[in-house]
S.K.: 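Okay, handing you the structure first.
It should be emphasised that the depicted structure is a prediction, and the values quoted were computed from it without experimental measurement. Counting convention: from 1, in listed order, for ligands and their atoms alike.
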Amino acid sequence: MTEPRVVLCVDDDPRVRELVRLILEPQGFRIVEADTGLASIQRLRETTIDMALIDLQLPDVMGYALAVFIRNMTQYQTIPIVALTGAYSAELIPWIAAAGFDTLLQKPFSVQALRAIVHQSLDVKRSEPARAVTDPAVELRYLRRLSREMAHDLWRYVEELNRKTVLLVQQAKVIEEIIIYTIHSIIRILETNEQYTAGHSQRVGAYAVMMGRRLGLTQEELRTLELGGTFHDLGKVGVDRCILRKPHTLTDEEWAEIRRHPALSYELLVEIPFLREVAQIAGDHHERYDGKGYPCGKKGDEIAISSHCVILADAFDAMTSHRSYRRALPLRHVVAEIERCTGTQFHPEVAEVWLRELYDRGEAILEVTHRQFPIGDVETDGRPG
Ligand SMILES: [Fe+2]
Ligand SMILES: [Fe+2]
């Protein structure tokens, strides 16, 4: 039994495609349908066709362009291609010939007309490629018009692609904001449970950004720094809550448990692709400039400058908040402590810009930041912030 011959029918009107199917299938043809030029190209990848019926007015490309495309495929240089049009005019003839169509069938067509044109076209054995234009002037005019139309189509595709890209970027931004909001919520819950750290994360983020601005970081770097500062203690969600809330002195094992939190912050955040740099800052916030910090003992420039900002901001907030054995330290004591630890715990350049800020307007910085993110009333035991 011979394989049925395959006819590609390209028309955006489903009634036309159905009519072609109803007329030709009983005659032993298999009909492959497409409603656009792009859908046609997809069908041509999937199926080998023996003939094509193509509407001249498709929603995405001109039928002429599709005919040219098909004719440029080596295996389809000699197959019959019939143009379908509801707007026949004699002027179309040279254009359809130039595009590589064999003939034209006017819509609406009769059952007999379609059968006749399909049988006739398939019965004519062709030895030469179909595309043959006798008048070079017609071909030139045709090609110019075709290239204009194709350029127009291309421009439409580019616009559509840009529109969809903008939409995707917007959606990705929304998802990022939801993730950031969720982490903020986790930290707020954590700080609400541990009242002594109320507002700590946000104040650290705010101080770190002030330092970053003085160091000339870009807007994008400042945003990363703010998140790094705000999320630095996220890993405390993985630390035993009883230890976090323990009112008296901790054992060595308990300190070791608490000291896991920077590494846990890193592990939680690094899984989120757009927060990888934030993860690094959070993971390094208990490192020291002289390499005597934890968890890795990194030193100097092995630690990013933004991490050095958070290291200093974290210590600064710890000193300017209440502890169980003391009230918040007076600013002059804090300044003296930062001066003392410059080059050991703190990066000299970061400490220098922050000290200059504190000399100029330290009290105002504290007042504004504590008003925005109030410090907890409950005094605590000075475990690492
Ligand atoms: Fe910490
Ligand atoms: Fe902290």
S.K.: Looking only at N, O or S atoms, which one in Asp314 sits nearest to the Fe ion (ligand 2)?
M.R.: OD1
S.K.: Looking only at side chains, do Thr224 and Glu221 share a donor and an acceptor under 3.5 Å apart?
M.R.: no
S.K.: Short check: any N/O/S atom of His261 below 2.8 Å from the Fe ion (ligand 1)?
M.R.: yes
S.K.: Angle at the Fe ion (ligand 1), OD1 of Asp233 to NE2 of His286, rounded to 10 degrees, please.
M.R.: 170°
S.K.: Does Glu357 pair with Arg214 as a salt bridge, N-O distance under 4.0 Å?
M.R.: yes
S.K.: Show the numbers, then the answer: is there a side-chain hydrogen bond (donor to acceptor under 3.5 Å, both in side chains) between Glu191 and Ser201?
M.R.: CA-CA 8 Å; Glu191 291 185 346; Ser201 298; 2.5 Å; yes
S.K.: Does Arg332 have any side-chain hydrogen bond (donor to acceptor under 3.5 Å, both in side chains) partners at least two apart in sequence or in another chain, and if so, which?
M.R.: none
S.K.: From His285, does some N, O or S atom reach closer than 2.8 Å to the Fe ion (ligand 2)?
M.R.: no
